[in-house]
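This report concerns only the one structure given below.
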2 protein chains.
Amino acid sequence: MKETRNIYLTNIPLKEAQETYINRIEFSNFYQSIEEIPVVSALGRVSVGAVFAERSSPNYNGAAMDGIAVIAEKTYGATETRPVELKKENDFVYINTGGCIKEPFNAVIMIEDIVILDDETVKIHEAARPWQHIRPIGEDIVAGELIISANHRIRPVDIGALLAGKIVKVKVLPLPRVGLIPTGSEIVDVSDELENGKIIESNTSMFAAMLQEYNGIPKRYPVVKDDFEKIKEGILLALEENDVVVINAGSSAGSRDFTVDVLREIGEVIIHGVATKPGKPVILAIVRGKPVVGIPGYPVSAYFTMEFFIKPLIAKYNKQVMTSPTTVKATLSRRIVSSLKHEEYVRMKMGKVGNKLIATPLERGAGVAMSLVRADGVLIIPQQLEGYDGGTVVDIQLMKPMEEIQETLVSIGSHDLVIDLLGNQIHETNSLLFLSSAHVGSLGGIMAMKKKECHLAPIHLMDTKTGEYNISYVRQYSKGESMALIKFVGRSQGLMVKKGNPKKIKGIADLAREEIHFVNRQRGAGTRILLDYYLNDLGIEPDAVQGYEREMTTHMAVAVAVSGGTADCGLGVYSAATTMGLDFIPIAWEDYDLLIPQAFLEDSRVLQLLEVMKSDAFVNHVNRLGGYNTESIGKVVLI
Amino acid sequence: MKETRNIYLTNIPLKEAQETYINRIEFSNFYQSIEEIPVVSALGRVSVGAVFAERSSPNYNGAAMDGIAVIAEKTYGATETRPVELKKENDFVYINTGGCIKEPFNAVIMIEDIVILDDETVKIHEAARPWQHIRPIGEDIVAGELIISANHRIRPVDIGALLAGKIVKVKVLPLPRVGLIPTGSEIVDVSDELENGKIIESNTSMFAAMLQEYNGIPKRYPVVKDDFEKIKEGILLALEENDVVVINAGSSAGSRDFTVDVLREIGEVIIHGVATKPGKPVILAIVRGKPVVGIPGYPVSAYFTMEFFIKPLIAKYNKQVMTSPTTVKATLSRRIVSSLKHEEYVRMKMGKVGNKLIATPLERGAGVAMSLVRADGVLIIPQQLEGYDGGTVVDIQLMKPMEEIQETLVSIGSHDLVIDLLGNQIHETNSLLFLSSAHVGSLGGIMAMKKKECHLAPIHLMDTKTGEYNISYVRQYSKGESMALIKFVGRSQGLMVKKGNPKKIKGIADLAREEIHFVNRQRGAGTRILLDYYLNDLGIEPDAVQGYEREMTTHMAVAVAVSGGTADCGLGVYSAATTMGLDFIPIAWEDYDLLIPQAFLEDSRVLQLLEVMKSDAFVNHVNRLGGYNTESIGKVVLI
């Protein structure tokens, strides 16, 4: 471990950091390079100078209609009652749309307006005005006219117009090249063996894809180990071949942070640390006149840091106005608390229920890449705010098109693998329909339903007096509202233990043993209510259970804790146990159903959901997982 | 010319045509192809099935902080006043963020919370909870978890998550291939000699670029002449190699329209003719189970037809929700009249003046590609409406980002090449600033200014009583408002005649000669007012001038008419004459200035404009054109 630790980061507001950094960078060298490329290959490229048309378009006077080309003066005097006869060659020639009008002809009469008398003669009933129905030279583009200005990003319509003006090649700016260097002794490639203690290098591939969207050219380098000299060498090499260098991980103030020291030695560190969450420990440096950015290792921090600093940089190299994502107003489904130390970027799930657009926060951790995958939008909480109350209307920056969000059925409640499978099957069947789910436990689902924030709430809540599932809870919490239950699956709940059951756990009673470490579910989860029921039944105090206070939010997380060795057992469903290769001690069967307002039962999206749920493909898939009972799947019970 | 002409097109509303056509196409064959590609190359590709994580991420329990890994139970009882000492190896090991937590260790204490006593011993003042500061297995992704569903378009964040779950390859849909066949005996390649009667083939290059944006793969074929067998052969060949075929031009009911007959022979024509303007004569056909679309030849019709029919088709092959362009509300600057026969797509220029977003129509012709290049947005006039009155607030579909429109200085008035050059120089100097101009003549500019629809109005209006330019008109039309003139250029106005002056025109008086065909400017143009002044002065009636009623809207259009032979002379500026290689008979010098409200003189965009206008680079460029006087350029005159 390094002796000296550089743990002090600044806390500069984002906007100030962006402006300070961009103002320190010298772009003029880059702007002096020019590439001359064919117009047909120039989509998305930025023009270096104005481009003027070489030739007019059209380049000749052409007929705008099918008909005959005439000498207008020879048609004068023609009327309905006193038609004029015209002779071919002397007075007219036949002509098609686009045909060339040659002297002495100077007008066109539409074919519908002539009467053919014989092969040589036609009759007209109206005089032609000079130049009528003629598409004149330059009607579209005039030689010498400005087609596109300098600094113009070429679009398809520009390509069409440039070619029409007989421009074959165009001078454009080069695309900025960005070198991507992953660092870290624990990082391995995705195709390597994944040993204990190793992490797959995924960030630079995400960066490369982001750069393609930003209109930059990414170049990924092999992983560089945590070594001062190697990092220095890697950066210097990448600087030779690129306009910008991004170096990933090792940017948190900590014992293995060589990056900032290397950058201080070979260049200048402008800023180290900004007031954003995630993304705080970014390093903004300049080396040999080029920007070098140290991006934090956690995937969510990495993503936002790219958006905060690399995206505007690339827009500046490309000389284009940076477009902001679409922002919409949505109602927060619950209170969100945020620190005053930084501006926070909270990933949100969104859904339209009735007329209201609802936004619900996802996991906040900087290490949870799946929060980016699931996010529909981002809520930015300014530094000076401590958060927002539930029900506040806020601005959300969209990460998915609004058209998709509109077509999303929103499910909030208890999580199970079958909900994910149902969502997939729905979207596989109809690629324009989406099911999104937020995992807050059964009671959380009932509360969300009460507040009209979702279409469906998956629940499994046992009435401890009667042993009946779901219906009593719904009656209690949704008095006066017409609700229904879509029967989904019976689930086998039990104790998940390591393969071989090394601690010989037989049932709930074993949880009282001091050497057994348990891992629980969060308050409001149906599984936790089930646990409490059995503990109460056996006269075991929660205090007596080691790990009762340790909470996970999904069955899979419980299974992973047991499989990973941080717990001896947890209560959960059979499918989670088998997925993680655990042994399973069955405790009870429970009903896992979807709560839904009766009003939505006729919604076409819900009808599609029911159809998918009852389909052979889906039912068979669920049965193959084991631990599920599908006898009542898709039945609707009015409450 | 063909004997029989198929001139009857249907007039089906667009939405109905789109739905009818898409419902006739069989997509299932296409959906059965699968490509398996590396995840790192999968940006923008659509998943064929759900993808589940192979491994958890992280794949081990790791330290979330730098510090020491401890056995939590050995730290119990530690308090501020009764610290606990821990021995290296037995009780703790040093660990860095991301380091692997191995048994028996089960918690991490931050380095800031320990006191180092010696190489072997540390002291702590607080007990550690089991699993504190540990990033557990699967905190981000759990093995077996669903990462992306089927039919999901892969984004950068998905690439990151898939790699983190140790997914190396992914099965995706192929991208739809679209063959592009230009037809027409008058069509030549851009690098060929452009003879009289020939048109450069530009549409298929525009289509190819549009297809890249739609996520299709374009393939352009060589031009096919207007010949039944050749067109048939071309379509059949393209069908072998593509999923969709687009055949361009020859789709209007007319004498050289073989396309629809070929399609009827080899397949089925579903629709021929829709109720849109432009784009009416589209052919929607199916041949050998694949869509073949006949797209009209005029560039604007071609563009819209691609948007109407090919874009949704590609979205359907890609199984993605089609996103609509952003729509904004804007105030119409003038009345727009439209036929009841069709839904019209009017290209609009837009600008923000004060708080109002103003929209002004561009040229309506289907052959004017430059209307697409200049357009900021599109106004859709429904079939059942005859248009809108000026001042109506309408929805405009944006064709440029709003961020650019906001940064645009709006100029409405009389056109001159120097305004285009000024706009280019401004944008070249500051790539985030734009000057847009609409050409409506000097009086049109004054009216637009009165209605607060522009920042600047270029004018050259002579007070015929005093000979003074601009100031009197401004005083008359802008009573009570604080206006100013930015002096721009003196311009030499005169008669443009063919090189060599074959008709020996000496001055305005020659316009009375019967054999001289004149071409005029539109009402309200300063040049027309100048002409009328001189005609009046010479006692010549407008009737006596052949072509007085023939109107063009810009100097260049007048020059092109003379150069193209459709007129003997016109009144216009020297620079337009020289650009078209014409001879020039000077008549008068006039002041061409920019009218501007005094309130805008301090606008930073106007200050940038003045700076550019007065710069040596710009002044020298203008002087080199000839026919301009730049002595007063950039001087501000308050009125």
Side-chain angles (χ1 to χ4, degrees), chain A residues 1 40 43 50 55 59-61 66 94 96-98 100 131 137-138 140 142 144 146 149-151 156-157 159-161 163-164 168 186 190-191 194 196-197 200 202 205-206 209-210 254-256 299 319 321 323 367-369 372-373 401 403-404 420 424 427-428 431-432 556 560 564 566 579, chain B residues 1 40 43 50 55 59-60 66 94 96-98 100 131 136-138 140 142 144 146 149-151 156-157 159-161 163-164 168 186 190-191 194 196-197 200 202 205-206 209-210 254-256 299 319 321 323 367-369 372-373 401 403-404 420 424 427-428 431-432 556 560 564 566 579:
Chain A
M1 192 171 84
V40 297
L43 179 66
R55 305 292 292 273
N59 193 47
Y60 63 96
N61 295 309
D66 293 338
Y94 283 108
N96 292 318
T97 304
C100 188
W131 312 111
I137 295 174
D140 183 2
V142 168
L146 182 110
S149 72
N151 293 339
V157 296
I159 289 175
L163 293 173
V168 180
E186 75 285 12
V190 64
S191 30
L194 183 59
N196 239 5
I200 294 174
S202 60
S205 298
M206 178 176 72
M210 294 171 87
S255 52
R256 282 199 286 185
K319 291 194 155 191
V321 172
T323 53
V368 185
L372 290 170
V373 169
E403 289 86 349
E404 282 190 24
D420 289 343
N424 173 65
H427 191 53
E428 189 161 351
S431 64
L432 305 180
M556 284 307 288
V560 159
T566 67
T579 304
Chain B
M1 191 172 84
V40 298
L43 178 65
R55 305 292 292 273
N59 192 47
Y60 62 96
D66 293 338
Y94 282 108
N96 292 318
T97 304
C100 188
W131 311 111
I137 295 175
D140 184 3
V142 167
L146 183 108
S149 71
N151 293 339
V157 296
I159 289 176
L163 292 173
V168 179
E186 74 285 12
V190 64
S191 29
L194 184 57
N196 239 6
I200 294 174
S202 61
S205 298
M206 177 177 73
M210 294 172 86
S255 52
R256 281 199 287 185
K319 290 195 157 191
V321 170
T323 54
V368 185
L372 289 170
V373 169
E403 288 85 350
E404 281 189 25
D420 289 342
N424 172 66
H427 191 52
E428 189 161 351
S431 64
L432 304 181
M556 284 308 288
V560 160
T566 67
T579 303

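All values reported here derive from a predicted model rather than from experimental measurement. Just so we're on the same page: letters track the sequence lines, and every chain starts at 1.
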Give the minimum heavy-atom separation between B/Ala161 and A/Val373, together with the two atoms involved.
CB-CG2, 3.5 Å
Give, for atom CD1 of B/Ile137 and atom CG of A/Asn196, the distance between the pair rounded to the nearest 0.5 Å.
7.0 Å
Highest number of heavy-atom pairs under 4.5 Å with chain A among B/Ser191, B/Ala369, B/Gly160, B/Gly197 belongs to B/Gly197
Considering only heavy atoms, which portion of A/Asn61 lies under 4.5 Å from any heavy atom of chain B: side chain, backbone, both, or neither?
side chain
Among B/Gly144, B/Gly138, B/Ala150, B/Gly564, residue most engaged with chain A (heavy-atom pairs, under 4.5 Å)
B/Ala150
Chain B interface, residue from A/Val40, A/Asn59, A/Asp420 that has the most non-hydrogen pairs under 4.5 Å
A/Asn59
Options B/Val190, B/Val142, B/Leu432, B/Thr579, ranked by heavy-atom pairs under 4.5 Å with chain A, top entry:
B/Val190
Looking only at heavy atoms, which two atoms of B/Pro299 and A/Asp140 are closest? And how far apart?
CG-OD2, 4.2 Å
Inter-residue atom distance A/Leu43.CG - B/Met210.CE, 0.5 Å rounding
11.0 Å
Sidechain-backbone polar pair: A/Asn424 side chain, B/Ser149 backbone, donor-acceptor under 3.5 Å:
no
So do B/Pro401 and A/Val321 actually touch side chain to side chain, heavy atoms under 4.5 Å?
no
With a 4.5 angstrom heavy-atom cut-off, could you sort out which part of B/Pro136 is near chain A: side chain, backbone, both or neither?
neither
Are the side chain of A/Asn151 and the backbone of B/Glu428 linked by a donor-acceptor contact shorter than 3.5 Å?
yes
Highest number of heavy-atom pairs under 4.5 Å with chain A: which of B/Val368, B/Val168, B/Thr566, B/Thr323?
B/Thr566
May I ask you to name which of A/Ile200, A/Leu194, A/Val560 has the most heavy-atom pairs under 4.5 Å with chain B?
A/Leu194
What one should report as the nearest heavy-atom pair of A/Ile159 and B/Ser205 is CG2-CB, 3.9 Å
Which atom names give the shortest non-hydrogen contact between B/Ser202 and A/Ala164, and what distance separates them?
CB-N, 4.0 Å
